[in-house]
Amino acid sequence: MSLLNQTHNPKLTSWVDSANVENCDFPIQNLPFAIFRLRDSNEAFRGGVAIGDQVIDLAALSQAKLFDGVVAQALEACSGSTLNDFMALPASAWSALRAALSQALTSGSSTEAAVSQCLIAQTDVKFDLPCRIGDYTDFYTSIHHATSVGKLFRPDNPLLPNYKWLPIGYHGRSSSIGVSGQAFHRPQSQTKAPDAAVPSFGPCKRLDYEMEVGIYVGTGNAMGDKIDIDSTDDHIFGMCLFNDLSARDIQAWEYQPLGPFLAKNFASTVSPWIITNEALAPFRMAWTRDSADPQPMDYLASARNSELGAYDIELEVLIETSQMRDSDTSPQKLTQSSFRHSYWTVAQMMAHHTVNGCNLMPGDFFGSGTQSGPNAGEEGSMIELSNGGKKSFELLNGETRTFLEDGDSVIMRGFCAKNGATRIGFGEVTSLVLPAKG
Ligand code: MN
């Protein structure tokens with residue numbers, strides 16, 4: 001079963017020279033979507049696609065009337081201030097626009113002159129959230145993260161018995177999800193030290209990041225209907241980098257019995273670009289379940305899911321402290337891992353989410369859960385790096401950290417690379433910690 005087509009051909013080059021540079025995040029094989037406008041302007045936000053170091057203005061391209069039929073309809077749907085209308089179209093329309101853009105941007109294209117009029121340098125634009133995120137569900141799909149964090153919260157019972165039977169998730173809050181560059185105040189709430197008799201109120205002392213993949217729902221399903229595991233590709237629009245900021249001390253006091261609340265709803269940040277599910281096709285891989293573990297129930301299993309369910313997306317986190325910023329020191333890498341280690345696939349998350357008849361809407365969003373890998377150096381959060389805050393670690397410039405401090409900027413990057421395919425990048429997402437509000 002192949003999901004590949006001409007748009008993935010590694011031999012394709014673009015007349016936009018910056019797209020052909022080795023290790024460029026946005027070669028012609030990528031073509032991710034964002035919402036943008038010119039920086040420092042009052043222009044309307046509209047859809048754009050990245051190519052090299054440029055953005056194609058999709059509203060301008062729509063106006064240029066180079067296309068007709070479903071491609072023209074798709075461009076029109078990308079011309080507004082959110083991508084929801086485009087995401088609501090059938091997957092065949094996303095694919096038709098990708099094919100048309102690929103052709104128009106290929107070296108020697110007859111439309112180069114007209115399309116080049118629609119390019120804007122990425123350094124000149126400001127991004128907004130790519131869509132109106134309706135509902136946000138955060139999963140917990142890394143068994144390595146679930147086990148290490150479970151040990152800290154429940155030493156004798158780290159992994160609860162349901163973990164290996166279903167993709168665990170909770171319903172989050174979308175209003176505080178922001179786009180890369182988000183600056184947020186350190187949250188305040190109740191916390192209780194283990195040896196204290198009563199809780200106290202104040203700023204979070206254990207502020208953490210979570211290295212996650214974000215998944216955007218495209219076409220939705222009617223309430224009462226489930227999405228079959230083998231139909232999920234018709235509904236998965238694309239993916240991004242997602243920093244799910246977390247207040248561990250607030251979480252520890254509030255999370256039982258109903259799950260995280262203020263520990264998780266003060267800020268979370270997405271990268272501006274949505275890498276489409278189609279662009280990720282070359283980096284899908286086999287998914288397996290250890291034979292010693294419970295095998296997934298029928299609605300969570302299929303030959304297709306076993307053959308193509310996993311995505312090999314390399315993820316990394318860097319920290320830039322205010323001291324680094326002031327002394328022009330490069331950000332320091334703290335961790336790296338891959339989404340391929342996920343215990344559950346995106347198809348399983350979506351099949352489970354809807355098996356009770358829950359309706360997903362265009363623009364709904366899933367967090368994958370913190371993606372920690374099996375080895376040291378692959379911890380997707382600071383609570384793991386600092387062993388529950390018990391051990392601080394030293395940075396190269398001599399500073400130490402157990403959790404995030406005011407002025408710290410967290411930077412996440414991601415990319416996909418393998419032999420026989422062109423490397424594609426996710427760009428980056430940054431989040432800046434401001435002091436608690438007085
Ligand atoms: Mn999370």
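Read the numbers this way: they start at 1 and go in the same order the structure lists the ligands and their atoms.
- A salt bridge is defined here as a Lys NZ or Arg NE, NH1 or NH2 lying under 4.0 Å from an Asp or Glu carboxylate O, and Asp249 with Lys192 fails to meet this definition.
- Thr141 and Gln371 form a side-chain donor-acceptor contact under 3.5 Å, judged by distance and modelled atom types alone.
- Because its NZ or CZ atom is both nearer than 6.0 Å to the ring centre of Tyr343 and within 45° of the ring axis, Arg289 counts as a cation-pi partner of that residue.
- Of all non-hydrogen atoms in Ser338 and Asp312, the two that sit nearest each other are OG-OD1, 2.8 Å.
- With salt bridges taken as basic N to acidic carboxylate O contacts below 4.0 Å, none links Arg186 and Asp408.
- Protein N, O or S atom count below 2.8 Å of the Mn ion (ligand 1): the structure gives 4.
- Of the options Arg340, Arg413, Arg423, Lys418, a salt bridge (Lys or Arg N to Asp or Glu O under 4.0 Å) to Glu314 is made by Arg340 and by none of the others.
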